[in-house]
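Below is one structure, written out as structure tokens; the observations come after it.
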Amino acid sequence: MRTEIDDLRALIRQHERKYYIENQPEISDAEFDVLMKALEALEAASDAPIPPDSPTQRVGGGAVLGTRIPHRNPMLSLNNSYDEQELREFGERVRRLLEDAPVEYITELKIDGLGVSLIYEDGVFTRGLTRGDGEYGEDITDNLRTIRSVPLRLVETETPFPPVLEVRGEVFIPKDRLNDINVQREAEGEPPFANPRNAAAGSLRLQNASITASRPLDIFIYTLNYAEGVEFATHTASIEKMKQWGLKCDPHTDCHKSIEDVQNYYTHWVEKRHELAYETDGVVVKVNEFSHQNELGATSKYPRWAIAYKFNAQQAITTIERIDVQVGRTGVLTPVAILKPVTLAGATITHATLHNEQEIRSKDIHIGDRIVLERAGDVIPKIVEVLTAERTGNEVAFVFRDRCPVCNTNVQRTEDEVAVRCVNMACVAQLKRRIAHYASRNALQIEGLGPATIDQLVDKELVRDVADLYALEVEPLSKLDRMGVPSARNLVHQIEQSKTAPVEKVLFGLGIFHVGETVAELLIERFLSLDALSRATLEEIESVDGIGPQIAESVVNFFSQSQPLLNKLREADLQCFRVAVDATRPEASTVMDSFFSGKTFVVTGSLEGITRTEASKEIKARGGKVTSSVTSKTDYLIAGEGAGSKYAKAVELDIPILTAADFSEKLQQGNV
């Protein structure tokens, strides 16, 4: 079995590299998922411990942040330049300090993300740090493991790996994914990220690595900082070697013989950067030869052999023609500025979200104002300035109405929220967006149920809630505009197929305020079924790791008002109501009385008959919490064969230790 597992791990690593690093996938997502499930099954059946570089270990326990670790060499910032004259002055300084020796320059796009350091030992990823203050970085190893373009094991080449390898790179979020994240955050009552950099930085510093794993993070490695026993003459040579090792580097890196060529590279990307999939705010210029870099040295803040040549922000001026108010699926009212069309960063912009009433007031925005528009991350239109000097006196102040613009219900304002909310659950606008959310790709994935069809279903009163979708028939559907019998049959089939969706997808699809995909998974991992969750108390829900009081209150409020909807979904024969809960696992009604309830555990070593992942799930299902590090707050260490430093730490802190047999006995005892 060991050879089979090793071969499968190697195959999955190859496909991860092809997909996430080389952008040349050889198999479909479904085929990749089959390989991962096969590996998980083999590892679960094996007695051997799972190595940290196995593809199944990308999402471990909760990330432990806050540990400050010194960098081997300082991660210095770059000095900035903003025009061609400053670039030429940089080139002149380099030539003068190198006494007019021939100089090559490397140019690479300056990715606007979060700088990190990755450390590999014998080819295996062992630690990752933020840049921090340059001298010390923060340990974010668990969160970096979730990024698919970070190889957990390097690709073997003809020469052995350096015993220790440290590389540095930039973690980022693709521009086209930021809007998806912000739409979900706003729907859950969270403030949107201002730009992809903030989104990447926020995602890497989350305490829960499983939430980080849900974010579309990517990475480019831009320098080899240390390779024990290996030397390279130039930066370009080190980049080529890192690519051979399977590390992802920016494909737009280039080499130049003169500052004039560097300026041409910069000019090219000023015009083309909006076509890139990621946000870039300039060009990094480096001296290529390492011997030259060493000779040039650094100041206390900046290397003398590199400079950041920054882009100017892309802006445009246009006029606010009117302000509309949109109603979201949770009732949040969002003002949107409708603009006179203007071209910015390669796209025609016709509207900009104003987020809330407070933003309109703070920026003193009026209908008819001339405004400066900027695309945050070259993606999201944002009003950065109102040109008040150009006002004519015909501008009109915007007044947020006290009633919903769709259903005319009184809106709700609360002191702890900036949002204005329509509280009428029967509001047509909310219903349409709830149905769209329920049918979305990340929820029940009902193909063919688009906005135009949803509008007709609601307007013709064929659907009054998401459960009514399961009563739709071909004949009435076929009479809708642009539908027809074949399309109607396909839609009915898709709706029927959605009945098999996992319970966590159904929970997410219900659109509960503050409950995103990750929160839904955490809740189902603990309570196992919608019925058990609907019976859970506020205290029981709050006890789930990663669930705060605001989320818990939202969940309790939803289920207190939604029993008729749950009954209709049960009558529609959704699979999540038919699957019986494993009798060996405790229901929510008994979770709070278990031995594990309210205690914090660390699992280490190889446990007989159960994997660490399975052990963690059993603990969480019984009300316990699992962390990855032993601290004074740890209640028990569960130690199998091969337990190492964590065992020693537990002994040092006098933490009680359970053997694999002890743990198994506690599981069998049930409530103790």
Side-chain angles (χ1 to χ4, degrees), residues 44 47 49-50 60-62 64 207-210 503-504 519 521-529 531-549 551-552 555-556 580-672:
D47 294 332
I50 302 174
V64 180
Q207 291 285 348
N208 191 329
S210 63
V503 62
E504 63 271 15
V519 169
E521 291 172 359
L522 291 173
L523 290 171
I524 294 304
E525 184 178 87
R526 165 69 178 276
F527 295 102
L528 308 179
S529 70
D531 286 331
L533 178 59
S534 69
R535 295 193 300 268
T537 66
L538 187 69
E539 292 75 17
E540 288 173 334
I541 295 174
E542 269 192 65
S543 72
V544 178
D545 188 26
I547 304 298
I551 297 174
V555 172
V556 169
V581 176
D582 187 342
T584 66
R585 302 182 70 181
E587 285 285 358
S589 59
T590 64
V591 156
M592 298 305 293
D593 300 322
S594 118
F595 162 79
F596 299 92
S597 177
K599 298 184 181 73
T600 299
F601 296 81
V602 173
V603 183
T604 187
S606 176
L607 304 177
E608 184 176 355
I610 189 171
T611 67
R612 289 196 299 273
T613 300
E614 291 169 339
S616 297
K617 288 182 178 179
E618 295 292 349
I619 293 167
K620 291 176 183 177
R622 289 162 170 78
K625 178 180 178 181
V626 179
T627 62
S628 58
S629 296
V630 176
T631 70
S632 59
K633 296 181 180 180
T634 304
D635 291 301
Y636 287 92
L637 175 72
I638 300 170
E641 291 185 14
S645 59
K646 293 179 182 179
Y647 185 95
K649 186 70 172 178
V651 171
E652 177 187 338
L653 296 176
D654 199 24
I655 303 296
I657 298 172
L658 299 177
T659 65
D662 295 332
F663 177 58
S664 178
E665 183 179 346
K666 294 296 185 185
L667 292 179
Q668 295 301 320
Q669 286 175 355
N671 299 335
V672 177

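Everything numeric here is computed off the predicted structure, so don't read it as measured data. Side-chain atoms are counted along with the backbone in the values below, which use heavy atoms only and exclude waters and symmetry mates.
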Subject >> I638 side chain reached by I619 side chain, heavy atoms, under 4.5 Å >> reply: yes
**OP:** Locate the shortest heavy-atom distance separating I547 from A552; write the atom from each residue and the value.
**Re:** CG2-N, 4.2 Å
Original post:
How long is the gap from OG1 on T659 to CG on L637, to the nearest 0.5 Å?
Top reply: 11.0 Å
Original post:
Does a side chain donor of either D531 or S534 reach within less than 3.5 Å of an acceptor in the other side chain?
Top reply: no
**OP:** Would you name the heavy atoms of T631 and I655 that are closest together and state the gap between them?
**Re:** O-CD1, 3.8 Å
Original post:
Out of curiosity, L523 CG to S529 OG, how far, rounded to the nearest 0.5 Å?
Top reply: 11.5 Å
Original post:
Is the Lys NZ or Arg CZ of K599 less than 6.0 Å from the centre of F595's six-membered ring, within 45° of the axis?
Top reply: yes
Subject >> Nearest heavy atoms of R535 and E540, plus distance in Å >> reply: O-OE1, 4.5 Å
**OP:** For K633 and T600, work out which heavy atoms get closest and say how close.
**Re:** O-CB, 3.8 Å
**OP:** Could you check whether the rings of F601 and F596 sit parallel, tilted or perpendicular, using 30° and 60° as the cut-offs?
**Re:** tilted
Original post:
Do the non-hydrogen side-chain atoms of L533 and I541 ever get within less than 4.5 Å of each other?
Top reply: yes
Subject >> Approximate separation, where rounding is to 0.5 Å, of S632 OG and E652 CD >> reply: 11.0 Å
**OP:** Search all heavy atoms of F527 against all heavy atoms of V544 and return the closest pair with its distance.
**Re:** CE1-CG2, 3.8 Å
Subject >> Where D635 and G598 come nearest, the two heavy atoms and their spacing >> reply: OD2-O, 4.3 Å
**OP:** Kindly determine whether V630 and L653 satisfy side chain to side chain contact (heavy atoms under 4.5 Å, CB included), including the steps that lead there.
**Re:** CA-CA 9 Å; V630 176; L653 296 176; 4.2 Å; yes
**OP:** Go through L658 and E665 one step at a time and tell me if the side chain to side chain contact (heavy atoms under 4.5 Å, CB included) criterion holds.
**Re:** CA-CA 10 Å; L658 299 177; E665 183 179 346; over 6 Å; no
